[in-house]
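See structure below.
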Amino acid sequence: MYKVLIADDEKIIRMGLMQIIDWESMGFTIAGQAANGSEALSFIEKENPDVVLIDIRMPKLHGLDAIKTARDRGFTGKVIVLSGYSDFEYAQTAISYGVMAYLTKPVDREKLIGVLEKAKSEMDTEREEKEIHDSFLGKTRKTLLRGLLLDELSLGESEIRELGLTHSMYQVIFYENYSRGTENCYPLADILRVANPDERELETISIDGHEVILLKGHHPVNKLKTILEHFENDIPPEKNSPLDSVFIACGSVVKNAEEIARSYREALMLMEHRFFAARNQHTMVYAEEEFTARGNDEAGENEDQGGDTPVSFIDSYAEELTNQIQAFNRKQIAETLHQMEKELAQSPMSVEEQKRELMNLWFSIRERLVRIYNQTEIPFPQNAETIVFFKDCDYLYEVVLFFTEQFDKIMSALGYSSRDNIIDDVIAYIDHNFKTNITLETIAPLFGYNSSYLGKIFSKKLGQNFNTYLDTLRVEKAKEILTTTKAPVYKVAEMVGYKNVDYFHIKFKKYTGSSPAEYRKLSE
């Protein structure tokens with residue numbers, strides 16, 4: 001529907017114009033009325049109607065003056081002038097203001113219908129042409145952007161202007177669902193547009209199934225930096241929040257348009273490297289020294305091993321892990337799996353190749369154990385189930401956890417049962433070291449466990465996870481310090497292991513219902 005403004009100082013005429021024809025059947029809707037030229041001008045500026053029917057002689061502001069001012073301020077809609085006078089001078093002035101018709105009162109219904117049909121036809125054509133034009137420009141911009149990112153073309157001055165490449169810094173980022181099993185994630189561009197003063201500083205495009213954003217200028221780059229800092233803090237994104245649904249891979253910040261393709265390659269490399277992300281890791285940021293070292297390691301490995309890495313990988317780890325299983329050496333198994341993770345992270349193999357090799361490693365270990373313990377019933381998972389697991393797994397840590405759990409079951413079947421007091425030992429360690437920056441990942445190797453598996457048995461025995469137990473302990477210690485000393489709150493936070501006093505406030509209030517200061521005051 002096209003919006004129409006009717007402006008006339010006589011209410012009866014306004015009402016008559018509203019009733020004289022069936023506006024909706026013609027594709028119009030009456031968006032507003034005005035009783036004088038000033039009201040008409042104000043409505044035009046606020047609502048930008050498609051068609052204006054306006055009387056020439058009205059109080060406060062002459063009808064033609066209102067149209068002239070609106071035109072000067074950029075109004076491009078259709079204007080139909082109404083007048084009680086058949087005055088050539090008025091008509092001539094109206095034409096100079098881009099008025100499409102000049103109708104004398106009383107308005108002839110058929111003439112008005114004819115003028116409106118012409119206006120609608122012109123607007124339909126203009127809208128179609130604009131859509132085609134915008135679509136063409138959009139496709140042109142996308143083509144230029146794709147060529148820039150993929151380093152497939154050299155941009156001229158007009159292309160540089162079209163893409164707005166006049167900033168002092170640029171950064172390319174990829175994003176996708178954090179949970180790959182879900183279909184939709186929150187559009188990262190919408191998050192970055194918040195507090196960003198210029199939408200033209202973001203370019204979005206899909207390339208080969210990847211959602212890509214080019215950041216242009218310090219505003220969006222700094223906004224992304226703020227988001228990344230949020231992930232680096234101890235406070236994770238709120239569950240089911242927009243940030244919780246997104247995984248981000250960031251190329252480095254570059255200083256000119258010629259380096260944008262490099263930032264794109266870096267972000268793509270990280271997204272392809274996502275298999276090696278840790279549990280709950282939402283971001284990967286390109287670090288040149290890390291990938292330079294990786295490239296050097298790959299070259300050295302290929303020289304030494306003559307390109308025979310996959311076979312050597314299976315044979316060496318299958319023998320080593322089989323021996324450690326037979327020795328019931330959990331600590332060595334954990335160390336070997338950790339070493340395997342590091343080696344794979346530096347491997348030139350693709351992720352799919354690595355998943356195949358890991359599956360072959362599992363079957364090689366199984367075959368060796370079946371041969372050695374042919375009289376013992378070992379609870380191996382079904383082959384079909386195992387193949388589906390390796391095919392569908394998204395992360396290396398999932399594979400390591402699979403190995404850890406299966407090796408534990410195998411050792412139990414072979415006659416080894418884990419110590420009942422292992423969790424008691426872990427708790428004793430936490431109770432003596434809660435002031436330090438301890439995590440499940442740092443203490444698990446001390447007890448010969450993979451961190452994910454230790455977390456599972458910890459939760460099973462205590463009915464709460466590691467972090468909850470640690471936070472509860474720290475808050476209880478903080479309550480004791482608050483009520484027995486006058487130490488400032490930031491000092492209390494440090495004394496119980498929180499580096500970030502704001503995070504301490506959040507945790508303390510979560511478990512006690514009050515802030516540290518309020519708790520101290522209530523306890524006095």
Side-chain angles (χ1 to χ4, degrees), residues 1-140:
M1 291 285 183
Y2 291 108
K3 296 188 298 182
V4 178
L5 167 66
I6 297 177
D8 196 292
D9 59 334
E10 297 183 53
K11 183 176 181 179
I12 191 170
I13 293 179
R14 296 198 304 271
M15 299 305 295
L17 288 171
M18 292 175 64
Q19 300 296 327
I20 195 173
I21 58 175
D22 186 348
W23 290 91
E24 290 196 4
S25 68
M26 294 187 66
F28 296 94
T29 181
I30 305 300
Q33 302 178 47
N36 58 63
S38 180
E39 286 183 7
L41 179 60
S42 177
F43 185 92
I44 291 170
E45 291 181 334
K46 289 180 181 177
E47 302 297 332
N48 192 32
D50 301 293
V51 178
V52 174
L53 274 72
I54 187 167
D55 187 18
I56 287 181
R57 295 197 172 183
M58 288 191 296
K60 295 190 178 180
L61 185 65
H62 199 280
L64 290 181
D65 291 337
I67 293 303
K68 180 180 185 304
T69 302
R71 291 295 194 213
D72 291 343
R73 295 176 182 177
F75 176 62
T76 59
K78 305 296 181 183
V79 178
I80 302 170
V81 166
L82 309 174
S83 175
Y85 305 89
S86 180
D87 191 306
F88 177 74
E89 185 177 344
Y90 279 141
Q92 194 174 39
T93 303
I95 290 170
S96 70
Y97 295 159
V99 170
M100 71 170 298
Y102 184 96
L103 302 178
T104 56
K105 300 179 184 177
V107 176
D108 183 273
R109 179 177 181 275
E110 297 305 319
K111 284 185 179 180
L112 177 59
I113 289 175
V115 170
L116 290 172
E117 287 176 341
K118 180 183 177 184
K120 184 176 184 302
S121 176
E122 289 180 0
M123 289 188 293
D124 286 344
T125 300
E126 290 166 1
R127 178 175 288 182
E128 184 178 344
E129 290 176 350
K130 184 177 186 304
E131 288 175 355
I132 293 172
H133 181 262
D134 290 348
S135 175
F136 174 76
L137 286 181
K139 289 177 181 177
T140 300

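For the single chain, residues carry numbers from 1 onward in sequence order.
A search for salt bridge (charged side-chain N to carboxylate O under 4.0 Å, His left out) contacts involving D108 returns nothing, not counting sequence neighbours. With sequence neighbours excluded, no residue forms a side chain to side chain donor-acceptor pair (under 3.5 Å) with N48. Every residue meeting the side-chain contact (heavy atoms from CB on, under 4.5 Å) condition with M1, not counting sequence neighbours, appears here in chain and number order: E24, T29.
Shown here for D55 and S83, the closest heavy-atom pair between the two residues is OD1-CA, 4.0 Å. The minimum heavy-atom distance linking A66 with L41 is given by the pair O-CD1, 3.6 Å. Taking both residues in full, the closest heavy atoms of P59 and A35 are given as CD-O, 4.1 Å, listed atom of the first, atom of the second, then distance. Across G63 and M58, no two heavy atoms sit closer than the pair CA-CE, 4.3 Å. Across I113 and M26, no two heavy atoms sit closer than the pair O-CE, 3.8 Å. When all heavy atoms are compared, the tightest approach of L5 to A34 is CD1-N, 4.1 Å.
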Residues L116, Y2; criterion side chain to side chain contact (heavy atoms under 4.5 Å, CB included); working and verdict: CA-CA 11 Å; L116 290 172; Y2 291 108; over 6 Å; no
F43/V52 under side chain to side chain contact (heavy atoms under 4.5 Å, CB included): CA gap, chis, key distance, verdict: CA-CA 10 Å; F43 185 92; V52 174; over 6 Å; no
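In this structure, the side chain of S42 does not engage the main chain of S38 through any donor-acceptor pair within 3.5 Å. Proximity of a side-chain donor or acceptor of K3 to a complementary backbone N or O of E47 within less than 3.5 Å is detected.
To the nearest 0.5 angstrom, R109 atom CZ is 12.0 Å from Q19 atom CD. We find the CG-CD1 distance between L112 and I80 to be 6.0 Å, quoted to the nearest 0.5 Å. Atom CG of L82 and atom CZ of R57 lie 14.5 Å apart (nearest 0.5 Å). For the atom pair OG1 (T125) and CD (E128), the distance works out to 7.0 Å, reported to the nearest 0.5 Å. In this structure, CD on Q33 lies 6.5 Å from CE on M15, to the nearest 0.5 angstrom. Here the CD1 atom belonging to I67 is positioned 6.5 Å from the CZ atom belonging to F75, to the nearest 0.5 angstrom.
Within the structure, every pair that satisfies the salt bridge (charged side-chain N to carboxylate O under 4.0 Å, His left out) test and touches residues 6-22, not counting sequence neighbours, is listed here: D8-K105. Under the salt bridge (charged side-chain N to carboxylate O under 4.0 Å, His left out) criterion, the residue pairs touching residues 69-80 are E45-R73, K68-D72, K78-E122, K78-E126, with sequence neighbours excluded.
Taking the six-membered ring where tryptophan is involved, the planes of F28 and W23 are perpendicular, since the angle between them exceeds 60° and thus also 30°.
The only option from L53, L17, I6 that meets the side-chain contact (heavy atoms from CB on, under 4.5 Å) definition with I30 turns out to be I6.
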